Structure formats: C-alpha cells, structure tokens
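Everything on this sheet refers to the single structure shown next.
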Amino acid sequence: MKYIFQIVIATLFLLFFTFCAWYEGSEILDNPWEWKYSTHFSQMLNDQVVDANDISDLDYFVYAAKFKPLFPSLMIITALYISILLGSMLFKRSAKKIA
C-alpha cells in the first residue's frame, strides 16, 4: 500500500514537471533562429522547419532541456524514481512467490 501512495504522488509530480518543461520549451516558437539547432524531431518529420506550426511538441522538451534544464531534469529523476518503485514492487512479489 505504501508503494501505491508513493507512485501516485510521484506521478502527479511527473505530470507537473512535464507541463512546466513543455511550457518553458514552447519559447522556441518565439526564436526562429534556434529552429535549425533545436528542432531535431520536426526536421525528421518535415525535413525542414519553415513555420512555427511545423514544430513538434517533442522539440519543446529538447529546447527546454537545452536552455532551461531544471524541469526536464526533475522529470528524469521522477521517472527513474517511479521505475525503481515499480521494480521493487515486482521483485518483492516474485521473491515471495519463490519462497
């Protein structure tokens, strides 16, 4: 039960950090000179970014990680924490079944 509570709280933090990173990364729309260097996913999809509408949402996270790395770092830390919690839950259960 204690793991479930921690996973729910960590998931809420992950959602909050994701929204903040996405919001900070949306600043790329105002910087067309940076499109060539920070829109890797959009360039894979569209071959060239000409307009702000061509920019993928994933590129917001690239831009945020490049220029404002606080929230993307917190996203990674929180995702690792959730995966460690899930792993410990699964291994604890399988150890009980083996015994």
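On a predicted model such as this, the values are computed, not experimentally measured, just so you know.
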Can I get a per-line list of side-chain donor-acceptor pairs under 3.5 Å for residues 55-73, giving both atom names and the distance, sequence neighbours left out?
| from | atom 1 | to | atom 2 | distance (Å) |
| --- | --- | --- | --- | --- |
| S56 | OG | L58 | N | 3.3 |
| D59 | OD1 | H40 | N | 3.3 |
| D59 | OD1 | F41 | N | 3.0 |
| D59 | OD2 | S42 | N | 2.9 |
| D59 | OD2 | S42 | OG | 2.4 |
| Y63 | OH | N31 | ND2 | 2.5 |
| K66 | NZ | E34 | OE2 | 3.0 |
| K66 | NZ | S38 | OG | 3.2 |
| K68 | NZ | E27 | OE1 | 2.9 |
| S73 | OG | P69 | O | 2.6 |

Check: V50 main-chain N/O paired with D54 side-chain donor or acceptor under 3.5 Å: yes
Distance in Å, I28 CD1 paired with W33 CH2, rounded so as to fall on 0.5 Å steps: 10.5 Å
Hydrophobic cluster identity match, I82 and I84, side-chain contacts under 4.5 Å: no
Hey, can you pull the donor-acceptor pairs under 3.5 Å for the side chains in residues 4-24, sequence neighbours left out?
| from | atom 1 | to | atom 2 | distance (Å) |
| --- | --- | --- | --- | --- |
| Q6 | OE1 | Y81 | OH | 2.8 |
| T11 | OG1 | I7 | O | 2.6 |
| T18 | OG1 | L14 | O | 2.6 |

Crowding at CG, D51 (>12 non-hydrogen neighbours, <6.0 Å): yes
